[in-house]
Amino acid sequence: MSRFKSDFLRTLDERGFIHQVSDETGLDELFSKEIVTGYIGFDPTAPSLHAGSLIQIMMLHWMQKTGHRPISLMGGGTGMVGDPSFKDEARQLMTIDTIEGNIASIKRVFSNYLAYGEGPRQAQMINNADWLRGLNYLEFLRDVGRHFSVNRMLSFESVKTRLDREQSLSFLEFNYMILQAYDFVELAKRTGCRLQMGGSDQWGNIVNGIDLGHRMGTQQLFALTSPLLTTSSGAKMGKSATGAIWLNPDMLSAYDFWQYWRNTEDADVPRFLKLYTTLPMDEIARLSALGGSEINEVKKILATEVTAMLHGRPAAEQAAETARKTFEEGGLSDNLPSVEVPTADLEAGIGLLSLIVRAGLAGSNGEARRHVQGGAVRINDQAVSDERLTIGTGEITGDGVIKLSLGKKKHILVRPA
């Protein structure tokens with residue numbers, strides 16, 4: 001039996017989303033008796049979020065699914081400062097144009113998980129630039145800054161870690177936690193928001209907001225954090241050997257996204273089914289009990305379900321079919337990722353190492369050379385071992401492409417342009 005009576009907290013609890021809650025009983029009571037508004041903040045540090053943010057997005061999804069109102073807060077204001085939490089050094093400062101461009105790009109992903117609108121249970125997209133960029137500095141210091149103890153701020157783990165390493169923490173970054181706390185108070189006043197959620201590294205910042213709200217006369221506010229996730233082997237979620245697993249389709253194809261989840265480590269499959277899919281818990285229990293070679297079929301289900309939420313069911317099933325044709329039949333699918341190379345370059349001949357780098361399968365000629373020397377590279381399914389090999393029009397198949405492969409799971413179609 002779950003220790004919670006509200007659908008929302010019970011769902012989060014059984015699926016493994018909960019790390020800390022500021023007042024379990026009080027928050028459970030609140031969710032049991034009224035429609036609750038809660039939010040998570042997303043800083044626009046890039047044109048897309050990556051898979052590491054999915055756990056937060058899924059928390060907002062379940063909030064709406066259980067009858068409540070989620071807010072996705074865009075950090076148009078805080079993005080000008082940058083969250084220093086557990087970072088070794090200050091973030092690069094971005095211009096307002098870059099921030100606005102990133103927000104516009106990031107927004108496209110959320111509608112796959114949340115239904116936005118004006119109703120009491122409809123999600124809201126809000127930008128904290130609406131109140132932060134117009135702040136009067138002296139008034140803010142007097143009305144908000146006076147409630148913060150520097151002694152207490154220095155005790156937060158995220159700050160202590162930075163100072164213990166004798167790394168500089170600028171006054172600009174030190175203000176970030178004040179701004180995030182103020183966001184919570186503003187949302188409480190503007191929307192009746194009672195809950196802020198985030199990763200466990202945000203606990204100190206969120207509790208700051210609860211304390212500030214108490215001092216500035218809001219209703220009781222609450223905090224809920226999720227565990228910071230790593231894979232069983234200790235890798236950070238959302239990153240792969242070739243880079244970030246972006247959520248925006250123009251930065252990572254549905255096929256590559258599907259492949260990331262298909263390559264999940266065996267030990268992570270049950271946990272990821274709970275966190276990243278909406279499959280019923282009894283179905284997850286059944287799938288999690290499978291072992292041996294059947295675990296690979298479960299990984300395909302995981303990959304298809306996660307991809308379907310982001311890219312749509314047809315794209316997910318197409319990615320699964322592309323993988324099946326490529327790996328099980330040894331065939332060639334037009335849906336594989338591709339790179340265009342000028343026909344003139346192919347007529348002149350391109351060095352194998354250069355082609356591997358151009359296709360995005362390695363970051364440098366040195367890395368490409370190591371792949372070739374390790375026997376991992378194939379051209380049209382034939383292993384190649386000569387790093388000085390030149391690739392040209394002679395390698396173009398009857399399908400009009402050259403199939404370049406790295407290992408068993410990474411394939412790129414080189415298309416003459």
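Owing to the predicted nature of the structure, the values given are computational and were not obtained by experimental measurement. For the single chain, residues carry numbers from 1 onward in sequence order. These values consider heavy atoms only, across backbone and side chains, with no hydrogens, waters or symmetry-generated copies.
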Worksheet item: Where do Glu100 and Arg133 land on the salt bridge (Lys or Arg N to Asp or Glu O under 4.0 Å) test, with the steps shown first?
Response: CA-CA 13 Å; Glu100 294 298 340; Arg133 286 189 191 163; 3.0 Å; yes

Discussion item. Walk me through whether Trp261 and Tyr276 qualify under ring-ring contact (aromatic ring centres under 6.0 Å, His included).
Written reply: CA-CA 10 Å; Trp261 297 98; Tyr276 298 114; 4.9 Å; yes

Worksheet entry | No-hydrogen, no-angle side-chain donor-acceptor test under 3.5 Å, Asp43 and Tyr176 | yes

Worksheet item: Under 4.5 Å between any side-chain heavy atoms of Gln122 and Tyr116, yes or no?
Response: no

Worksheet item: Just by modelled atom types, is the Ala115 backbone N or O under 3.5 Å from a matching donor or acceptor in the Gln64 side chain?
Response: yes

Worksheet item: Hey, is the main chain of Asp268 close enough, under 3.5 Å, to the side chain of Thr264 for a donor-acceptor pair?
Response: no

Discussion item. Applying side chain to side chain contact (heavy atoms under 4.5 Å, CB included) to Ile126 and Tyr39, what does each step give before you reach the verdict?
Written reply: CA-CA 10 Å; Ile126 298 177; Tyr39 88 98; over 6 Å; no

Worksheet item: In terms of side-chain heavy atoms, does Gln196 have a donor or acceptor partner in Gln180 at a distance below 3.5 Å?
Response: yes

Fill in: Value rounded to 0.5 Å, distance of CZ in Phe257 from CG in Leu310
5.0 Å

Worksheet item: Leu406 versus Ile356: any side-chain heavy-atom pair under 4.5 Å?
Response: no

Fill in: Sub-4.5 Å side-chain heavy-atom contact between Leu355 and Leu361
no

Item to complete: Report the C-alpha distance between Phe31 and Phe4 in whole Å, list the side-chain angles of each, state the deciding distance to 0.1 Å, and finish with yes or no for ring-ring contact (aromatic ring centres under 6.0 Å, His included).
Response: CA-CA 10 Å; Phe31 270 101; Phe4 299 108; 9.8 Å; no

Worksheet entry | Donor on one side chain, acceptor on other, His411 and Ser405, under 3.5 Å | yes

Fill in: Of all pairs that satisfy salt bridge (Lys or Arg N to Asp or Glu O under 4.0 Å), the ones with a partner from residues 253-263, not counting sequence neighbours
none

Worksheet, complete the sentence: Separation between CG (Leu114) and CD1 (Ile57), nearest 0.5 Å, reads 8.0 Å

Practice prompt. Assess the side chains of Asn128 and Thr78: does a donor N or O sit below 3.5 Å from an acceptor N or O?
Written response: yes

Worksheet item: Between Glu297 and Lys300, is there a salt bridge with N-O shorter than 4.0 Å?
Response: yes

Discussion item. Closer than 3.5 angstrom, by distance alone: can the side chain of Gln20 be matched with the main-chain N or O of Trp203 as a donor-acceptor pair?
Written reply: no

Fill in: Interatomic distance, Met197 atom CE to Ile40 atom CD1 [nearest 0.5 angstrom]
4.0 Å

Item to complete: Without swapping roles, check the side chain of Ser48 against the backbone of Leu247 for a donor-acceptor pair under 3.5 Å.
Response: yes

Worksheet entry | Check: Thr277 main-chain N/O paired with Arg15 side-chain donor or acceptor under 3.5 Å | yes

Worksheet item: With a 4.5 Å limit on heavy-atom distance, are the side chains of Ile106 and Met74 in contact?
Response: yes

Worksheet item: How about Met309 and Asn112: do any of their side-chain heavy atoms sit closer than 4.5 Å?
Response: no

Fill in: Check: Glu317/Thr304 side-chain N/O donor and acceptor closer than 3.5 Å
no

Worksheet entry | Any Leu224 side-chain heavy atom under 4.5 Å of Leu9 side chain | yes

Worksheet item: Any chance CZ of Arg388 has more than 12 other-residue heavy atoms, nucleotides or ligands included, within less than 6.0 Å?
Response: no

Fill in: side chain to side chain contact (heavy atoms under 4.5 Å, CB included) between Arg152 and Asn208, worked out
CA-CA 10 Å; Arg152 184 160 178 268; Asn208 255 340; 3.2 Å; yes

Worksheet item: Is there a side chain to side chain contact (heavy atoms under 4.5 Å, CB included) between Leu49 and Val109 once you walk through the steps?
Response: CA-CA 9 Å; Leu49 300 174; Val109 161; 5.7 Å; no

Fill in: Check: Asn248/Ser105 side-chain N/O donor and acceptor closer than 3.5 Å
yes

Worksheet item: Can you find a heavy atom in the side chain of Phe8 that is under 4.5 Å from one in the side chain of Val36?
Response: no

Fill in: Salt-bridge contact Glu387-Arg369 (side-chain N to carboxylate O under 4.0 Å)
yes

Practice prompt. Flag the pair Glu367 and Arg370 as a salt bridge only when some basic side-chain nitrogen lies within less than 4.0 angstrom of an acidic carboxylate oxygen.
Written response: no

Worksheet item: Hey, mind stepping through Tyr260 and Thr307 against side chain to side chain contact (heavy atoms under 4.5 Å, CB included) and telling me if it holds?
Response: CA-CA 10 Å; Tyr260 173 74; Thr307 306; over 6 Å; no

Item to complete: Check the side chains of Trp131 and Asp183 for a donor-acceptor pair under 3.5 angstrom, ignoring hydrogens and angles.
Response: yes

I'd like a table of donor-acceptor pairs (distance under 3.5 Å, sequence neighbours excluded) in which one partner is a side-chain atom from residues 283-290, with atom names and distances.
{"unit_1": "Glu283", "atom_1": "OE1", "unit_2": "Arg286", "atom_2": "NE", "d": "3.2"}
{"unit_1": "Glu283", "atom_1": "OE2", "unit_2": "Arg286", "atom_2": "NH2", "d": "3.0"}
{"unit_1": "Ser288", "atom_1": "OG", "unit_2": "Ile284", "atom_2": "O", "d": "2.7"}

Worksheet entry | Sidechain-backbone polar pair: Asn127 side chain, Gly76 backbone, donor-acceptor under 3.5 Å | yes

Worksheet item: Lys299 side chain to Asn263 main-chain N or O, any donor-acceptor pair under 3.5 Å?
Response: no

Discussion item. Within the 4.5 Å heavy-atom criterion, are Phe42 and Phe110 side-chain neighbours or not?
Written reply: yes

